[in-house]
Amino acid sequence: MRHLLFLHLLGACVWAGGHLVLLFGVLPRAMRRHDPQPVRDFEQIYERIGIPALLLQIVTGVWLASLWLPHVQWFEATPVARLVQAKLVLLGFTALLGVHARLALIPRLDAQRLPQLGLHILLITLTAVAFVWVGAGFRFGGMF
Ligand code: HEM
């Protein structure tokens, strides 16, 4: 249990931390220069750590959730089940954003599409931070 939570927290650091660096460190530079290249360079390096971290989050998260609740109770209206559901909704949103970026945004990325890229990075970062917020809710028995 402790090791599982440790891995989940480590993955959370990589996923949320990486996206915050991208949003506040790399994106402003790309916007100033009207050039998406800094984002491309960052993605190329980050991808190799970020994607395994997200996969680790899914495996350890689902595992932790099944320690909190048996699977049959995941979709009930209890406070802890609501947290698990929120995690799954955030995961769905992350997947949609990822697919949209891969298929629609990145292949045709140029200076004109930078604002769209910026919005995308903002949304994925907010989603990552929301994952952390919802995660902290388990300890306190609810979302707020
Ligand atoms: C990138 C995605 C994710 C991030 C950044 C993230 C982050 C976090 C954080 C920071 C905690 C707080 C741990 C604590 O109490 O000290 C947490 C807990 C938790 N997360 Fe996630 N999480 C992610 C994905 C998921 C997924 C996909 C699930 C699956 C449903 C999940 C299920 C859980 C559960 C069950 C806990 C409670 C762990 C416990 O305290 O026993 N997480 N998460």
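Each ligand, and each atom within it, is numbered from 1 in the order the structure gives.
- The nearest non-hydrogen atom to atom 39 (C) of ligand 1, considering only Trp68, Phe138, Trp133, comes from Trp68.
- With a heavy-atom cut-off of 4.0 Å, Leu90 does not touch ligand 1 at all.
- Taking each of Gly92, Gly61, Gly135 in turn, the one with a heavy atom nearest to atom 29 (C) of ligand 1 proves to be Gly61.
- Contact of the Val62 side chain with the Trp74 side chain is registered, since non-hydrogen atoms from C-beta on lie closer than 4.5 Å.
- Counting the atoms of ligand 1 from 1 in the order shown, those under 4.0 Å from a heavy atom of Ala65 are 35 (C).
- At least one side-chain heavy atom of Leu117 sits less than 4.5 Å from a side-chain heavy atom of Ile121.
- For ligand 1, the atoms lying closer than 4.0 Å to a non-hydrogen atom of Leu9 are 10 (C), 13 (C).
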Candidate pair Trp68 and Phe138, rule ring-ring contact (aromatic ring centres under 6.0 Å, His included), full reasoning: CA-CA 9 Å; Trp68 276 91; Phe138 283 86; 5.4 Å; yes

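- A 6.0 Å sphere centred on CZ of Arg40 holds more than 12 heavy atoms belonging to other residues, nucleotides or ligands.
- Rounding to the nearest 0.5 Å gives a distance of 10.5 Å between NE2 of His100 and CG of Leu123.
- Of all atoms in ligand 1, numbered sequentially from 1 with element shown, those under 4.0 Å from a heavy atom of Met1 are 41 (O).
- For the atom pair Leu20 CG and Thr125 OG1, the distance stands at 6.0 Å (nearest 0.5 Å).
- Leu7 contributes atom CG, which lies 8.5 Å from atom NE2 of His3 (distance to the nearest 0.5 angstrom).
- Taking CD1 of Ile124 as the start and CH2 of Trp15 as the end, the distance is 5.0 Å to the nearest 0.5 Å.
- Nearest-residue assignment for atom 40 (O) of ligand 1 (options Leu88, Leu4, Leu5; heavy-atom criterion): Leu5.
- Residue side and main chain included, Lys87 places an N/O/S atom under 2.8 Å of atom 21 (Fe) of ligand 1.
- What sits closest to atom 14 (C) of ligand 1 on the protein, heavy atoms only, is Arg139 NH2, 3.6 Å.
- What sits closest to atom 20 (N) of ligand 1 on the protein, heavy atoms only, is His8 NE2, 2.9 Å.
- Of all atoms in ligand 1, numbered sequentially from 1 with element shown, those under 4.0 Å from a heavy atom of Val62 are 29 (C).
- Near Ala12, with a cut-off below 4.0 Å to any heavy atom, the atoms of ligand 1 are 5 (C), 7 (C).
- The minimum heavy-atom distance between Pro28 and Leu22, with the atom names listed, is CD-O, 4.3 Å.
- Closest to atom 1 (C) of ligand 1, if we only count protein heavy atoms, is Trp15 CD1, 3.2 Å.
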